[in-house]
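Here is the structure we will look at, set down as structure tokens.
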Amino acid sequence: MDELLEQFLIEGPEQVQQASDDLLALERDPEDMPRIDSAFRAVHTLKGSVALFDFAPMGSVLHAAEDLLGDIRVKRLPIEAWMVSALLDCMSACDAWLTSITNTGALPRDAQAESVVLSEALRASARDELGAKPATDDKWFATLLDRESAALVHYAQPFTAIRFIPKADCYFREDPVSHMRRIPKLLAVQMSTHPTAEMENYDPYLCNLVFVALSAASIEDVRSSLAGAEGQIAVVCADPVRTRQQANAQGSPGESSRSLRIDAQRIEALVDMLGEMIVAKNVLAHLAAQAARVDTPLARALTTNQGQIDRLVGDMHRALMGLRMVPLARSFRRFPRLVRELSGKLGKRVDFHIRGEEVEADKAVVDGLYEPLLHMLRNAVDHGIEDSAAREGAGKPANGSITLEATRQGDKIIVTVEDDGPGLDAGRIRRAAKAAGVDSSVPIDELEDEAALDLIFAPGLTTAKEVSEVSGRGVGLDAVRTAVDALGGHIAIASSPGRGTTARIVLPQAVIVTPVLVVTVGTEQFGIPIDVVVETARFAADRIASIRSGEAFVLRNETIPLVRLAALLGTSFAERGGADVKVLIASVDAESVGIEVDDFGDRIDVLLRPMTGILASVPGILGSALLGDGRVLMVLNVPELIG
Amino acid sequence: MTVAFDDGIIRLSGNCGLEDVETLLGFLQSQAQPKVDLRKAHHLHGAVLQLLITARARVEHPAEDPFVRQLTVGSAEVPTA
């Protein structure tokens with residue numbers, strides 16, 4: 001891929017994310033000027049990057065967004081709810097388009113049409129705010145402040161500035177002066193005519209007044225006092241203290257980062273090299289053992305040295321794994337916009353809270369959590385939260401509440417998704433589970449309610465009465481469990497009727513990645529931890545000598561006992577043919593042992609999970625690992641197998 | 001009577017509405033340098049204020065009503081931009 005485009009696809013989503021974060025913050029506090037600046041910068045930069053490529057529809061939407069943000073920024077207009085919506089819609093579209101570019105190299109086919117609609121919406125919101133008369137005097141606010149500066153010099157409270165340009169034919173319907181009179185806590189008011197009329201041919205019924213005023217009331221109070229005059233007024237909130245601070249403050253609300261961006265693949269490459277280093281280090285232990293037979297002082301020095309290298313490799317492994325630790329915010333920060341969009345689509349009113357996004361975990365865990373959490377949040381909005389009427393009927397606040405929270409407990413992180421909806425109905429889940437023919441070790445009717453809730457993670461189960469666009473197709477919660485399991489975690493659900501549902505995901509903070517060598521025996525594959533592997537060898541079968549009941553071979557003047565992995569595992573094995581034998585030389589208690597396998601596979605990093613339940617007592621098995629394709633790989637405990 | 005002409009001064013009183021505009025226009029046009037007394041004016045309609053500004057009427061006696069006073073003192077020379 002073109003290097004420029006590659007860079008764009010890394011940075012583009014970050015800029016979209018930054019702008020979305022800022023817009024959502026502005027929705028809560030429309031007067032947060034640094035956020036407007038930050039959103040403007042993000043959109044501006046993104047627009048600049050898009051211009052380098054042939055993505056015209058995206059460019060024109062961003063252009064409209066930049067114009068709107070620029071207007072808000074220069075005129076210090078408060079950002080309005082409909083502007084935030086229009087801008088967020090624009091960011092969602094850009095996000096989708098970036099995904100499309102990543103996957104297909106091009107914008108989706110409907111991008112042009114969507115772009116026109118989005119750009120229109122952005123421009124419409126700009127027109128609404130500035131009123132029917134285009135601003136002939138953009139500097140009115142600055143002029144007003146300047147003129148009233150003497151009165152405001154000791155004024156520390158935020159205040160609201162108002163400009164009112166009544167429509168020319170307004171006198172027959174209303175008196176604009178009465179409108180001005182209704183503004184609460186008026187500090188100053190001025191009136192002028194524009195354009196200036198002359199007494200000759202004067203039409204006394206044609207309004208050409210312009211009012212400007214300052215009020216100590218909040219922007220909302222001022223707006224509501226001027227109800228009926230929308231489209232003819234511009235209102236600005238000004239905070240003298242904040243204005244002063246802003247003049248002093250430099251830079252963005254984002255942290256000025258001293259960090260260095262490193263492509264994750266480079267770290268993976270380092271982890272791979274470390275894997276090789278572990279193998280090389282193991283050889284050293286083996287050499288030290290050999291040397292002990294020849295030269296004791298040399299062997300002692302080698303052993304000391306090998307111990308040091310061992311420690312260093314261990315430290316390096318931890319440090320490398322530390323590089324992969326990223327804050328959960330990486331996944332979490334994408335959710336507010338999605339929840340907002342989703343609740344809008346479903347007509348639900350949801351307050352979404354995020355806590356603990358600063359908690360760090362391995363990149364694989366953080367990235368891997370995104371899909372399952374998205375699924376849980378979709379469910380929470382769709383099924384977890386009732387509509388406002390039902391909520392009020394149940395004596396709850398009209399707005400539903402969904403909380404996503406992460407905490408760290410020892411080396412685990414705990415992520416919960418909590419809603420205050422109606423909760424889960426164990427009876428309905430039981431019925432649905434029976435209808436879907438879900439397997440259960442205990443008959444479904446005999447399950448305690450708590451255990452019955454767990455059935456929602458069974459494949460194919462759905463309790464949704466109708467399939468909605470958002471969720472309810474009966475695929476999902478089992479996928480959530482699979483995804484969490486693959487991360488080495490566990491998900492459980494708890495619910496109290498009428499009060500809500502909590503999903504709790506427990507995950508390892510650091511993924512314990514074990515490098516293993518995959519070997520084949522018969523039709524099966526097994527994993528052997530790399531740290532017991534000294535080397536692999538391939539030689540003619542006639543080099544194997546029978547020694548009493550066992551076998552051995554000579555490698556570099558050392559006689560090494562040979563065992564067949566199939567025999568260790570108790571499976572049948574065929575006589576050797578004429579082909580070379582493949583032997584893995586393992587180090588067990590500083591002794592070399594040759595383990596004959598049918599074939600060597602790849603060296604892979606797996607997430608090793610200890611065996612549980614009845615399998616825990618099976619000797620010779622270290623644990624299991626879920627492979628990328630869903631197969632389970634048994635990882636062998638070689639010393640235990642041989643011992 | 002909310003608009004009266006008396007002794008060379010146009011006196012506005014009470015609540016001056018749109019219906020007073022024609023009368024006021026007549027008085028203002030009859031004077032080369034019209035003067036107004038706003039002391040008794042409680043409220044002036046926008047059309048009335050606009051007319052006073054356009055005719056460059058001199059406020060001889062400002063209004064007692066603080067809002068009307070603010071609007072009429074110095075408003076005529078307020079720049080628009």
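Chain A is the first sequence line, chain B the second, and so forth, proteins listed ahead of strands; every chain is numbered from 1. Note: hydrogens, waters and symmetry copies are ignored here, and every other heavy atom, side chains too, is used.
- Residues A:Asp169 and A:Arg173 are paired through a salt bridge, judged by an N-O separation under 4.0 Å between the basic side chain and the carboxylate.
- Contacts between residues 14-21 of chain B and chain A, counted as heavy-atom pairs separated by less than 4.5 Å, involve B:Leu18, B:Val21.
- Rounding to the nearest 0.5 Å places NE2 of A:His44 at 13.0 Å from CG of A:Asp37.
- Proximity to chain A is absent for every atom of B:Leu24, based on heavy atoms less than 4.5 angstrom apart.
- Looking at A:Leu186, the atoms closer than 4.5 Å to chain B (heavy atoms on both sides) all sit in the side chain, from C-beta outward.
- For B:Phe27 and B:Phe5, the ring centers sit closer than 6.0 Å to each other.
- Atom CZ of B:Arg58 sits in a sparse spot, with 12 or fewer heavy atoms from other residues, nucleotides or ligands closer than 6.0 Å.
- In summary, the aromatic rings of A:Tyr171 and B:His45 are positioned with their centroids under 6.0 Å apart.
- Side-chain contact check for B:Ser13 and B:Thr2: no donor-acceptor pair (N or O, by modelled atom type) lies under 3.5 Å.
- Sorted by first and then second residue, the salt bridge (Lys or Arg N to Asp or Glu O under 4.0 Å) pairs with a member in residues 38-54 of chain B read B:Asp37-B:Arg39; sequence neighbours excluded.
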